[in-house]
Undergrad: 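Structure provided below as structure tokens; questions to follow.
All chains are named by letter (A, B, ...) in the order of the sequence lines, taking the proteins before the strands, and each is independently numbered beginning at 1. For the numbers below, each heavy atom of this structure counts, side chains included, while hydrogens, waters and symmetry mates do not.
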Protein chains: 2
Amino acid sequence: MKKEKLIKILKEKGISPTLQRIKIYEYLLESKEHPTIDMIYKDLIGEIPTLSKTTIYNTLYLFKEKGLVQELTIDENEIRFDARTDLHAHFKCIKCGKIFDLEFISKDFRIKNLENYKVLEYHLYIKGICPDCLKSY
Amino acid sequence: MKKEKLIKILKEKGISPTLQRIKIYEYLLESKEHPTIDMIYKDLIGEIPTLSKTTIYNTLYLFKEKGLVQELTIDENEIRFDARTDLHAHFKCIKCGKIFDLEFISKDFRIKNLENYKVLEYHLYIKGICPDCLKSY
DNA sequence: ATCATTGCAAACACTTTGCATACGC
DNA sequence: GCGTATGCAAAGTGTTTGCAATGAT
């Protein structure tokens, strides 16, 4: 995605497009890995040598607040972020630790008494072994 | 549930029924709160004054390995455990932090290419505001 | 000059590890 | 007595906080 487009998206959400924010958002969009804070940090510190993890935390929680990213809690230890905010499922491989996006063909789950709750987020997490790890068994 | 029954269940799973393990399992079964390690610790330290968190960790991961409990990752900060291992959904209230069990009326979600993966666990997590917190708005 | 943003360093909180002690057959 | 279970203390890891420095208008 072009840098101008990214800046436009950030501005539309009311986020002032600083270098750090642009780079972090760009990274999230391009990475298909649902990166952790640490992954983002390690990959961007080359480009932005003064980058701190604090800024990444600040930025991602700001993005989340503005509805630009979603936070995943599929992982036991670390928080992960996803720039896709539409409804899709996530698969975590217990062998390699990777997290994959999965698409719904149909999603018709009805839940008892859910009308009494105010729903803000849905997360479907599936854990198991991914195709690659199954092969090398 | 009677203590004898608990001991029987533990033995059937190949877990030697020590006092700590019985109490922790009993607590999990009776609590509807999907407690964190800390909640278990605080509530049982009165009964078992020498109890340590290490033992609670050991015990719960042993239980998990034996299929007696499931681990929830709905929470950002803490791991929670649930003695119900059948498929049901979990709701986390972002106001009060409580976690509720929700029952499926129907669950027909089909996911693209899932046949390439080996599925071990499903988790449906919903976040929002619970009925009680909605009232006091 | 003022306000927002960044980022270092310290503090925190939860979890894991190492190892010595205690328990049970 | 020997293997298992327990639990203290220390270390480890991810996250949050306080605050000073920087940057933008």
Undergrad: So if I take the C1' atoms of five pairs at each end of the helix from C:dA1-D:dT25 to C:dC25-D:dG1 and get each local axis, what angle do the two axes make, rounded to 10 degrees?
TA: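 The angle, to the nearest 10 degrees, is 10°.
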Undergrad: With sequence neighbours excluded, what pairs up with A:Asn116 under the side-chain hydrogen bond (donor to acceptor under 3.5 Å, both in side chains) test?
TA: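 Testing A:Asn116 for side-chain hydrogen bond (donor to acceptor under 3.5 Å, both in side chains), a comparison that skips the adjacent residues, returns none.
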Undergrad: Would you mind reporting whether A:Lys127 and B:Thr73 have side-chain heavy atoms less than 4.5 Å apart?
TA: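 SC-SC contact between B:Thr73 and A:Lys127 confirmed.
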Undergrad: Taking only residues two or more places apart in sequence, or in another chain, which ones meet A:Glu12 in a salt bridge (charged side-chain N to carboxylate O under 4.0 Å, His left out)?
TA: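 For A:Glu12, the residues satisfying salt bridge (charged side-chain N to carboxylate O under 4.0 Å, His left out) (neighbours in sequence not counted) are A:Lys8.
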Undergrad: Report the residues that fulfil side-chain hydrogen bond (donor to acceptor under 3.5 Å, both in side chains) with B:Asn113, sequence neighbours left out, ordered by chain and then residue number.
TA: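 By the side-chain hydrogen bond (donor to acceptor under 3.5 Å, both in side chains) rule, B:Asn113 matches no residue at all.
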Undergrad: So which protein nitrogen or oxygen atoms get under 3.5 Å of nucleotides 21-25 of chain D's nitrogens or oxygens?
TA:
none

Undergrad: With sequence neighbours left out, write down each residue that passes side-chain hydrogen bond (donor to acceptor under 3.5 Å, both in side chains) with A:Glu121, or none if nothing qualifies.
TA: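 A:Glu121: side-chain hydrogen bond (donor to acceptor under 3.5 Å, both in side chains) contacts with A:His123.
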Undergrad: List in chain and number order the residues that pass ring-ring contact (aromatic ring centres under 6.0 Å, His included) with B:Phe100, two or more places apart in sequence or in another chain; answer none if no residue qualifies.
TA: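 ring-ring contact (aromatic ring centres under 6.0 Å, His included) check on B:Phe100 returns A:Tyr117.
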Undergrad: Establish, with yes or no, whether the OP1 or OP2 oxygen of D:dG14 is under 4.0 angstrom from a side-chain nitrogen or oxygen of A:Thr36.
TA: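 Indeed not, no polar side-chain atom of A:Thr36 lies that close.
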Undergrad: Can you give one letter per nucleotide of nucleotides 7-22 of chain C, 5' to 3': B if a protein heavy atom sits under 4.0 Å from the base, S if only from the sugar-phosphate, - if neither?
TA: BBB----SBBB-----
Undergrad: Could you tell me which residues satisfy ring-ring contact (aromatic ring centres under 6.0 Å, His included) with A:His90, sequence neighbours excluded, listed by chain and number?
TA: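 A:His90 satisfies ring-ring contact (aromatic ring centres under 6.0 Å, His included) with A:His34, A:His88 once adjacent residues are dropped.
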Undergrad: Taking only residues at least two apart or on different chains, which pairs with a member in residues 38-65 of chain B satisfy ring pair (Phe, Tyr, Trp, His ring centres under 6.0 Å)?
TA: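 Found B:Tyr25-B:Phe63, B:Tyr61-B:Phe81.
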Undergrad: Keeping to residues at least two apart or across chains, list the salt bridge (Lys or Arg N to Asp or Glu O under 4.0 Å) pairs with something in residues 48-62 of chain B.
TA: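 Listed by first then second residue: B:Asp38-B:Lys53.
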Undergrad: Can you list everything that forms a ring-ring contact (aromatic ring centres under 6.0 Å, His included) with A:Phe109? Sequence neighbours excluded, please.
TA: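 Applying ring-ring contact (aromatic ring centres under 6.0 Å, His included) to A:Phe109 gives A:Tyr122, B:Phe109.
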Undergrad: Between atom CD1 in B:Ile22 and atom P in C:dC23, what is the gap in whole Å?
TA: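 For the pair B:Ile22 CD1 and C:dC23 P, the rounded distance is 16 Å.
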Undergrad: Could you tell me how far apart B:Ile40 (CD1) and D:dT6 (C1') are, to the nearest whole angstrom?
TA: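 In whole Å, D:dT6 C1' lies 16 Å from B:Ile40 CD1.
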